[in-house]
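Start at 1 and go down the list; that is how both ligands and their atoms are numbered.
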Amino acid sequence: MSLLGTVVGALWAMLPAYVPNNAAVLFGGGRPLDGGRNLGERRILGDGKTWRGTVAGITTGVVLAGVLNAVRERASEAAGVALPSFPAPAAVALAAGAMLGDILASFLKRRTGRDRGAAFPGLDQLDFVVAALALAAVVVPDWTRETFTPGRLLVVTVVTPALHLLTNAGAYVLGLKDEPW
Ligand code: CTP
Ligand code: MG
C-alpha cells in the first residue's frame, strides 16, 4: 500500500468521527447537557456541550457515513485504493464516540479548573479520535481491526491534530467559534 493510499484510507475511515465536532459548532446552542448543574465548585460540563450540538453532531456523522457508503466504489476506483464501507453500528460508534470524547474532555477540563473555552493541548486535538476508536473497538471489534490497520492508525494520530487545528482556526476566522482551538 502506497503512502498516499494509506493517508486516503485513514481519512476516509475517520470522516464519520471528524465531522461531528464541526457540526456541533455549526448547529450547537440551547440547553446544556448538564442542565446548568455543578459538580463541586464548577459546572459538570459547561454551556459548550448542548443537546442540539450533540444530536446534530452524531446525526451528521452517521449521515456522512451513509453518503460515503454510496460513493465508495467510485471513490475507491478514482483513488486506486480499497476504501472501507461503514456498517450502521460502525457509523454510529464513530460519530457517537467522537461526541462522547469531546464531552469527556470538557468534564476533565472542568475538574482541572479550566473554564469553558480554555485550551487543553493534546486533549483538545485527540479526545474525539481516541473515544471514537475505543467505542468502535467495543461495538464492532472485527470491523475496527480490519479498517484501522497499524499504518492507518499512525496516519490518524499524526494528521488529526493538524486537521483539528486547521478547521478550528477556520471556524474562528469565520466567526463560528469563540476560540481558535
Ligand atoms: N457544541 C455543542 N455541543 C457539543 C459540542 C460543541 O453545542 N456537544 C458547540 C458549542 O456551541 C461550543 C462550540 O460547539 O461552544 C465549540 O465546541 P468546543 O470547543 O468543544 O466547546 P467550548 O465552548 O470550547 O467548551 P469546552 O471548554 O467545554 O470545550
Ligand atoms: Mg473549546
field: Proximal atoms of ligand 1 relative to Gly28 (non-hydrogen, under 4.0 Å)
entry: 7 (O)
message: If we ignore hydrogens and angles and just use 3.5 Å, is the side chain of Arg110 paired with the main-chain N or O of Leu45 as donor and acceptor?
response: yes
query: What about Ile103 and Val139, same hydrophobic cluster or not, with Ile/Leu/Val/Met/Phe/Trp/Tyr joined at side-chain heavy-atom distances under 4.5 Å?
result: no
query: Apart from Leu123 itself, what residues make up its hydrophobic cluster, given side-chain heavy atom links below 4.5 Å?
result: Leu108, Phe120
query: Less than 4.0 Å between a side-chain N and a carboxylate O, is that true for Asp115 and Arg42?
result: yes
- prompt: Is the shortest distance from a Lys or Arg side-chain nitrogen in Asp102 or Lys49 to a carboxylate oxygen in the other one below 4.0 Å?
  reply: yes
task: Return the residue, atom name and 0.1 Å-rounded distance of the protein heavy atom closest to atom 13 (C) of ligand 1.
output: Val25 CG2, 4.1 Å
- prompt: Which of the atoms of ligand 1 are close to Ser106, meaning less than 4.0 Å from one of its heavy atoms?
  reply: 26 (P), 28 (O), 29 (O)
- prompt: Which ligand 1 atoms, with their elements, are less than 4.0 angstrom from a heavy-atom of Asp102?
  reply: 5 (C), 20 (O)
- prompt: Taking atom types as modelled and ignoring hydrogens, do the side chains of Arg52 and Thr50 form a donor-acceptor contact shorter than 3.5 angstrom?
  reply: no
query: Under a 4.0 Å N-O cut-off, is there an ion pair linking Arg37 with Asp34?
result: no
task: Do me a favour and list the nearest non-hydrogen protein atom to atom 9 (C) of ligand 1 with residue, atom name and distance?
output: Ala24 O, 3.4 Å
message: For atom 19 (O) of ligand 1, what's the nearest protein heavy-atom neighbour? Residue, atom name and distance, please.
response: Lys177 NZ, 3.0 Å
field: Within one Ile-Leu-Val-Met-Phe-Trp-Tyr cluster: Leu4 and Leu153, side-chain cutoff 4.5 Å
entry: yes
- prompt: With backbone taken as N, CA, C and O and side chain as the heavy atoms from C-beta onward, which portion of Lys109 lies under 4.0 Å from ligand 1: side chain, backbone, both, or neither?
  reply: side chain
statement: Check: of Lys49, Arg52, Arg116, min heavy-atom distance to atom 11 (O) of ligand 1 comes from Arg116
message: I want to know if ligand 1 touches Gly48 in the polar sense, i.e. an N/O pair below 3.5 angstrom.
response: yes
task: Looking only at protein heavy atoms, identify the closest one to atom 7 (O) of ligand 1 and say how far it is in Å.
output: Thr50 OG1, 2.5 Å
message: Show me which atoms of ligand 1 lie under 4.0 Å from any heavy atom of Gly117.
response: 24 (O), 25 (O), 26 (P), 27 (O)
field: Region of Arg114 that comes within reach of ligand 1 [heavy atoms, distance under 4.0 Å]
entry: neither
field: Numbered atoms of ligand 1 (with element) below 4.0 Å of Gly29, judged on heavy atoms
entry: 7 (O)
- prompt: For Thr54 and ligand 1, does the shortest N/O to N/O distance drop below 3.5 Å?
  reply: yes
query: At the 4.0 Å heavy-atom cut-off, does Arg110 count as touching ligand 1?
result: yes
- request: List for me each residue that meets side-chain hydrogen bond (donor to acceptor under 3.5 Å, both in side chains) alongside Asp178, sequence neighbours excluded, and say none if there are none.
  value: none
query: Can a donor-acceptor pair be found between the side chains of Thr167 and Tyr18 at a distance below 3.5 Å?
result: no
